[in-house]
Structure formats: structure tokens, C-alpha cells
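Below you'll find the structure, written out as C-alpha cells, and then a few comments.
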Amino acid sequence: MKIGIFAFQGAFAEHARAFAELGVQTTEIRRREHFHQSFDGVVLPGGESTVQGKLMREENLLEPLRRAVQEGLPAFGTCAGLILLAKKISNDGNAYLGTMDITVKRNAYGRQIGSFRSELEVKEIGNFPAVFIRAPYIESAGKDVKILAEYGGKAVAARQAHMLVTAFHPELTDDLRIHAYFTELARGRI
Ligand code: GLN
């Protein structure tokens, strides 16, 4: 079992720590040659989606990653990672991987309440301490997308087959259940 974590920028080390606590091996992906077929899953961390998307494109990683995810590579996107996986970004002309059938809004909570914590009921997981940092939310989703959590009536966690996304940051808490859930997904058990 090996998970690749995109490590251009943002909260990638925290994901590595969470998986290490679960006994799951990870490696960092920064360049094209780091991305190979032996991964059981990949993580797209939080940070700045515009910067990460640009670097992914410059490193010629966007196309190979898109193809791999389309062909079934399990992917876990948090915050900026959710934006990178989305088919459409409603307040931004860009789209990056576009593999997940969701329309998202970037920086959806505005500057005033840009960062906050809230206990959320996450389906299949339970009550979860969600940390939001200049987070997006999911405005709309296709029929194959299962919404796992909402905040203020907006979807903030979802799964579509082998793709899992959260608008919040489970890697910034001590709660490992969402990482454990993705590990099970990547093992093909759920
Ligand atoms: N605001 C960032 C973006 O639009 C996402 C923030 C985050 O990942 N914590 O990409």
C-alpha cells in the first residue's frame, strides 16, 4: 500500500503524518518522474489551487494525473485539492483535472470568516472536527456524487466512486478517521 502526496505547496506534510500514524506509506510527488503506476492512491492537499494547478501543468503532471484518475486511481482532495478535481469552478475561469462531477466556489466564505472550525456530521464517519481555511464549497453535484457533509446548507464533503473530497482540512486535526476512510477506499474495500 503506497499513497502519493502532491507536494508542490500547502499542507502536504500534515497528510504524510496522518497516514504514517495509520501505518500507511507515502511518498511526495513534485515532478513528473515521481508519478508512476505503483500508487494505490493520491492526495491533493490544501494550499492555493491556482499555484498548484500551474505547477502541475508546468511539470506535465496534469494530463497523466487526469488520465490515471479517470481510469480509476483513488484520489483524495482537501480544500485546494477539491478545487483541482472539480469539473467546474463557478467564480474562476480555470478548471484543472475536472474528473469529479462537481461545481465549486472558491473562497466561498469570504474574507471576514475565512477560517473557522465546526463540528460536522460526516456520513459514514460520524461527528468530525472540521477546520476550514479560505475554503470552497460544492455548489452543485452530478447524480453519481454522494454528499457526505454539509455546512450551512452547502456541501463540504463528497465522494464519487474512487474520488473523495473535503472542503475542510482533516490533516490539521488529530482525528484520523477520514484518512482511514480513504485508505479503505484505496484498498478497494469500500
Ligand atoms: N483558497 C484556496 C484556493 O482557492 C484554498 C484554501 C485551502 O486549500 N485551504 O485554492
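Just so you know, ligand 1 is whichever comes first in the structure, and atom 1 is the first atom listed for that ligand. Note that these values count all heavy atoms, side chains included, but never hydrogens, waters or copies made by symmetry.
- Proximity of Thr50 to ligand 1, defined as any heavy-atom pair under 4.0 Å, is not found for any part of the residue.
- Among the atoms of Ala80, some N or O lies under 3.5 angstrom from an N or O of ligand 1.
- Rounded to the nearest 0.5 Å, atoms CG (Leu22) and CZ (Arg17) are 9.5 Å apart.
- Atoms of ligand 1 found under 4.0 Å from any heavy atom of Ser49 (numbered from 1 in listed order, with element): 3 (C), 4 (O), 10 (O).
- If you check which protein heavy atom lies closest to atom 1 (N) of ligand 1, you get Asn107 OD1, 2.6 Å.
- At the shortest separation from atom 4 (O) of ligand 1 among protein heavy atoms lies Arg106 NE, 2.6 Å.
- Atoms of ligand 1 found under 4.0 Å from any heavy atom of Ile83, numbered from 1 in the order shown, are 3 (C), 4 (O), 10 (O).
- Any N or O atom pair closer than 3.5 Å counts here, and Gly47 shares at least one such pair with ligand 1.
- Rounding to the nearest 0.5 Å places CG of Asp92 at 12.5 Å from NZ of Lys105.
- Checked against a 3.5 angstrom limit, the closest N/O atoms of Ile133 and ligand 1 fall inside it.
- If you run side chain to side chain contact (heavy atoms under 4.5 Å, CB included) between Phe6 and each of His15, Met56, Glu28, only Met56 comes through.
- Looking at heavy atoms from C-beta onward, Glu124 lies in side-chain contact with Tyr181 at the 4.5 angstrom threshold.
- Within the structure, ligand 1 has His169 among the residues with a heavy atom less than 4.0 angstrom away.
- Nearest protein heavy-atom neighbour of atom 7 (C) of ligand 1: Cys79 SG, 2.7 Å.
- For the atom pair CE (Met100) and CG (Asp144), the distance works out to 10.0 Å, reported to the nearest 0.5 Å.
- In this pair, Phe39 and His36 present their aromatic rings parallel. The plane angle is below 30°, not in the 30 to 60° band.
- Using a 4.5 Å heavy-atom cutoff, the side chains of Arg30 and Glu59 are not in contact.
- At under 3.5 Å, not a single nitrogen or oxygen of Thr78, backbone or side chain, sits near a nitrogen or oxygen of ligand 1.
- Of all atoms in ligand 1, listed by their number and element, those nearer than 4.0 Å to a heavy atom of Gly46 are 8 (O).
- When non-hydrogen atoms are compared, ligand 1 lies under 4.0 Å from the backbone of Glu48 as well as from its side chain.
- Each of Tyr137, Phe168, Phe116 was compared with Tyr151 under the ring pair (Phe, Tyr, Trp, His ring centres under 6.0 Å) criterion, and only Phe116 meets it.
- The aromatic rings of Phe76 and His179 sit perpendicular, their planes meeting at an angle over 60°, well past the 30° parallel limit.
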